[in-house]
2 protein chains.
Amino acid sequence: MARTKKEISNEDGRRGEIVRAAAKLFRDKGYDGASMRAIANSVGMQCGSPFYHFASKQDILVAVVEEGLRQGLEKTRAVVDPNLDGIEQFRRLVQVHLSIILEDGNDFIPVMLYNWRCLDDAHQRRLIATKDEYDRIWQAAIDKLYADGVLTKAPKFARLMILGAMNFMVTWYKPRLGGDLHAMSNEVVGFFLGQAQEVA
Amino acid sequence: MARTKKEISNEDGRRGEIVRAAAKLFRDKGYDGASMRAIANSVGMQCGSPFYHFASKQDILVAVVEEGLRQGLEKTRAVVDPNLDGIEQFRRLVQVHLSIILEDGNDFIPVMLYNWRCLDDAHQRRLIATKDEYDRIWQAAIDKLYADGVLTKAPKFARLMILGAMNFMVTWYKPRLGGDLHAMSNEVVGFFLGQAQEVA
DNA sequence: CCTACCGATCGGTAGG
DNA sequence: CCTACCGATCGGTAGG
């Protein structure tokens, strides 16, 4: 059976192993710091073998970023619900974003955030459309907080500050015993929305 | 005359040119992505010549980070004044931090922020003491805002969010014609402190 | 600070 | 997917 579009984007099998191993190495050492040999060896292959699955190292990076955007957009859309009140919608977006960038094994989006310049211009241009879709979801949620009076400052700038503060957590957050991501989400929500609302 | 400590930390002369050129290249292409040849050529040297001034590429990175911390701490201390009210102190810290990370030619701290893992463990351990000094200044200013009731959430977490949001601006901020860094500072201050205070 | 060069490692390929 | 290999480039050095 031919490889369907869904299977490709799910990155199953050996190819998927390479994508996941590369994501971890790109995150730890950066795109230039992670060699094809290191990627191959981390999945038990010889140095030339990943080129059976990918035409180039660049294409592996593209696959990592595409998989990150696909998973991220899927998880994010799953918590969007126009019936929620603004604060609860925001809380869910924060929780899911922190899991996307901080949870163990979720290396795709951190690689995208911190290796974006390693993508060829053409790939950047193509992938930015999906990034924009991600931003639109956040912007809509923040606009609603603004309309409700929970946030009072320019909502576009608010989105950049809030997502920036979270994205920079990649550089300092160290997971502790017992999933404290939920606690972290509450701290983030509490900080940006003030003390008006109780934490779940 | 022997090179004094002050002259070393000021990075004057040819050595200083290498440090500044390397900072720019490290910022644009990353530590691993910027070759010694590229650094040498960007100051009109041949590929082996930087090694007359530095023992290794790693030592250039160390010099970049040290120069960034030295300049950053100097500029930051210059705006610290215990007689200022909390909000005005915060505003000045934001302004100086944005100039440190976003102003044209100030590549040192961005290199530190986004290439920290490229430093050897021993250098990280040594440099972290100066980083901590920087954080202490910020923490004191934020603690005061907390004591004054301007901020109401855990001040340590507040520092991480505020500095994180600013530091991530390195990835998206594009300077426009006519220095808008001052306007940016006002937006940042306005966002984090709410609309209580007027912008200068 | 240049010239000329080193061994190591890089991404990538051909043939099986 | 492995073996064996390629040219290019890397950080770094010796001698002047």
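Throughout, protein chains are lettered first and strands after them, A, B, ... in sequence-line order, and every chain is numbered starting at 1. Every value quoted in this text rests on a predicted model; they were computed, and no experiment measured them.
Taking atom CG of A:N41 as the reference point, atom P of D:dT3 lies 12 Å away to the nearest angstrom. We find that CG of A:L25 is positioned 11 Å from P of C:dG11, with the value rounded to whole Å. Here the C1' atom of nucleotide C:dG11 and the CD atom of A:Q46 are 16 Å apart, to the nearest Å. Whole-Å rounding puts the B:F51 CZ to D:dG15 P distance at 18 Å. Taking atom CE of B:M45 as the reference point, atom P of C:dA4 lies 19 Å away to the nearest angstrom. What separates CG of A:D32 from P of C:dG11 is a distance of 9 Å, to the nearest Å. C:dC1 atom P lies 11 Å from atom CZ of B:F54, rounded to whole Å. Between the C1' atom of C:dT13 and the CE atom of A:M36 lies a distance of 12 Å, rounded to the nearest Å.
As judged by a 4.0 angstrom heavy-atom cut-off over every strand, A:G44 is placed among residues touching the sugar-phosphate backbone only. Contact annotation for B:A34: backbone-only contact, meaning every heavy-atom pair under 4.0 Å involves sugar-phosphate atoms and none involves a base.
The partner of D:dG16 is C:dC1, by the rule that a Watson-Crick or G-U pair needs both atom distances under 3.5 Å.
Contact annotation: A:R37 does not reach the phosphate of C:dT9 (side-chain N/O to OP1 or OP2, under 4.0 Å).
Nearer to the 5' terminus of DNA chain C, by closest-nucleotide assignment, is the contact made by B:Y52 (compared with the other of B:Y52 and A:K57).
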Margin query: Applying salt bridge (charged side-chain N to carboxylate O under 4.0 Å, His left out) to A:E66 and A:R126, what does each step give before you reach the verdict?
Written below: CA-CA 10 Å; A:E66 280 178 338; A:R126 184 170 51 80; 2.8 Å; yes

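You'll find that the side chain of A:S49 is closest to D:dC1, out of C:dG11, D:dC1, C:dA4.
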